[in-house]
Amino acid sequence: MDEKRLTIQLKIKAALACWFIFSLIYNGSAYYASNLEVVPSFVFSFERNIPFIPWMIIPYMSSGLFFLSLCFLCRTRSQLMVYLKRVVLLTVASGIFFILIPLQFSYSKPIVNTFPLYYFFDFLKTWDSPFNQAPSLHIGYACLFWSVLKERLSGVVKFIFGFWLILLGISTLTIYQHHFIDVITALILVQIVLILTFPSKKLATYRNQYIACFYYLFSFIACLLASLCYELNLVYCFVAVWVSIMVFMVGLQYQYNRHHFLKDKHGHISILKKIFYFPYQFSYYLIWHFFRKKQEKILLEILPNMFITARLTNKEIIACQISKKDYVYDLSAELEENRIMREQCLYYSFPILDIGVASIVDLENLVSKIAVAYEQRCPETRVIIHCTMGYSRSTLVGVLLLKKILYLNINQSIALMQEKNKNSILHAASIDLLK
């Protein structure tokens, strides 16, 4: 009972701390801006087409309820402390921008006489400030609310709350409270906050979500560039929008560990996906072509006739004398296999997201299949395992194969792999997955 009372007290203290920091910084920066002679606005021309939707004041005003209640929905002390740290960091960082780059909303709101909506608008007019625009704290806090709710809720309830928070974000524009620059800068800032305060970077369970935050960050930066390009060149704007959507979709694949988002079970990538994800794939092609380290041996032997390597060029395939008897296991999720490899050998595709982690169950199934193929192969048959660069994913699978076939413990397997492959990379989350 004492432990429960202490937990409730801690949640109350955290909620009061959030409220105090918000009140101090929000009101202080608003007071500062109100005493300036000139406070500019930043408006994109396309914002003239955004309609005023009075009923969306309801999701907008619900932000206060979320703000007061979220501390009480945290299940553990560590989760509460992470949430509190994020609220403080986001609020302080936003306050710095409010003071350094003060902005105000530039449109006049239409008069709302509809019951009961006019009560909400009167409250907003009385207590809110036209300043403190970019980045929008409403948007930033909504993202932090979701960081807690998505772990606490599931099913239909999770969908309803997620949809409501999206409405909350849209409402900042449709009740003429914020401009678009406020929204997109808040999305950029909150991703930086999430990255800096991510609680479990080294745990396999959260690795892909951590990587997803970086993709979301780049997506929102591209969206900001698209907004700026809209005023200058529509072609550049279209390209930036395309890149923004594409990068955001890649982030979603990491967040939900959808490692087959590009390739089908045969390792093929459809023409539509090749077009949509072209910037993503082209970036990886350039990295593969120009930055992979050259090994003394193209194929690195970790067991007799078992090799790990990077994605091979046509010249390397010919040099290695790849034959129809060879087994090839492709771990790359982002690049399609070389056509010669697919057609001239026993090819299998098992995509793993780059610098992410796969399910340990899926990995163990793959390792079992490779081990069986290795034991039943003809003496001259080779087993070749590769990812794009040949550093981490092929190393990960190689370690598990050494462990299974040689009956080693995981530390011995890692040490043996590092001895055989000087360029091997096992990030902390992969080691956590292995152990």
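Index from 1, following the sequence.
No more than 12 heavy-atom neighbours from other residues, nucleotides or ligands sit within 6.0 angstrom of CZ on Phe20. More than 12 heavy atoms of other shown residues, nucleotides or ligands fall within 6.0 angstrom of atom CH2 in Trp242. Counting non-hydrogen atoms of neighbouring residues, nucleotides and ligands closer than 6.0 angstrom, the CZ atom of Phe238 reaches no more than 12 such neighbours. Crowding of Phe46 atom CZ: a count of heavy atoms from other residues, nucleotides or ligands under 6.0 Å exceeding 12. Annotation: Lys13, atom NZ; neighbour count of heavy atoms from other residues, nucleotides and ligands within 6.0 Å does not exceed 12. Taking a 6.0 Å sphere around CD1 of Ile111, one finds it holds 12 or fewer heavy atoms contributed by other residues, nucleotides or ligands. The number of heavy atoms from other shown groups lying within 6.0 Å of CZ (Phe97) does not exceed 12.
Once rounded to the nearest 0.5 Å, the distance linking CD1 of Ile385 with CD1 of Ile302 reads 5.5 Å. In this structure, CD1 in Ile99 is found 12.0 Å from CD1 in Ile101, a value given to the nearest 0.5 Å. Ile355 contributes atom CD1, which lies 8.0 Å from atom CZ of Phe214 (distance to the nearest 0.5 angstrom). The CD1 atom of Ile58 sits 12.0 Å away from the CG atom of Leu168 when rounded to the nearest 0.5 Å. In this structure, the separation between OG1 on Thr172 and CG on Leu137 is 11.5 Å, given to the nearest 0.5 Å. Expressed to the nearest 0.5 Å, how far OH of Tyr254 lies from CD of Gln209 amounts to 14.0 Å.
The shortest side-chain heavy-atom distance between Thr313 and Asn338 does not fall under the 4.5 Å cut-off. Proximity of His386 to Val328: side-chain heavy atoms (C-beta onward) are separated by under 4.5 Å at one or more points. Residues Tyr329 and Tyr347 fail the side-chain proximity criterion, which asks for heavy atoms closer than 4.5 Å. Inter-residue side-chain proximity for Lys273 and Gln281 is flagged as unmet; no heavy-atom pair is nearer than 4.5 Å. In this structure, Ile188 and Pro135 have side chains that are not in contact, with every pair of non-hydrogen atoms separated by 4.5 Å or more. In this structure the side chain of Val247 never reaches within 4.5 angstrom of the side chain of Tyr280, judged on heavy atoms. The side-chain heavy atoms of Phe218 and Val243, taken from C-beta on, include no pair separated by under 4.5 Å. Looking at Phe67 and Val87, their side chains come closer than 4.5 Å, going by heavy atoms from C-beta outward.
Annotation: Phe42 is not in aromatic contact with His179 [ring centroid separation under 6.0 Å not met]. For Tyr107 and Phe105, the distance between ring centers is under 6.0 angstrom. Between Tyr216 and Phe248, the distance from one ring center to the other falls under 6.0 angstrom.
A donor-acceptor pair shorter than 3.5 Å can be found between the side chains of Asp354 and Tyr284. In summary, the side chains of Ser332 and Thr388 do present a donor paired with an acceptor at a separation below 3.5 Å, with no hydrogens or angles considered.
Pairs passing the side-chain hydrogen bond (donor to acceptor under 3.5 Å, both in side chains) check and including a residue from residues 84-99, sequence neighbours excluded, read Arg86-Thr197, Thr91-Tyr141. Note on residues 31-42: no pairs pass side-chain hydrogen bond (donor to acceptor under 3.5 Å, both in side chains), not counting sequence neighbours.
In this structure, Asp330 pairs ionically with Lys263, as a charged nitrogen and a carboxylate oxygen lie closer than 4.0 Å. We find that Glu364 and Lys404 are not joined by a salt bridge, their nearest charged nitrogen and carboxylate oxygen being 4.0 Å or further apart. Note on Glu334 versus Arg393: salt bridge recorded, some NZ/NE/NH1/NH2 to OD/OE distance being below 4.0 Å.
Not one N or O on the side chain of Glu337 forms a donor-acceptor pair closer than 3.5 Å with the backbone of Arg342. Side-chain N or O atoms of Gln133 include none that pairs as donor or acceptor with a backbone N or O of Asp182 at under 3.5 Å.
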query = Would Glu151 and Arg75 count as a salt bridge (charged side-chain N to carboxylate O under 4.0 Å, His left out) if you check the C-alpha gap in whole Å, the side-chain angles of each, and the deciding distance to 0.1 Å?
reply = CA-CA 10 Å; Glu151 302 293 336; Arg75 288 179 170 173; over 6 Å; no
message = Checking Phe145 against Phe161 for the ring pair (Phe, Tyr, Trp, His ring centres under 6.0 Å) test, could you report, in this order, the C-alpha distance in whole Å, the side-chain angles of both residues, the deciding distance, and whether it holds?
response = CA-CA 10 Å; Phe145 300 157; Phe161 274 88; over 10 Å; no
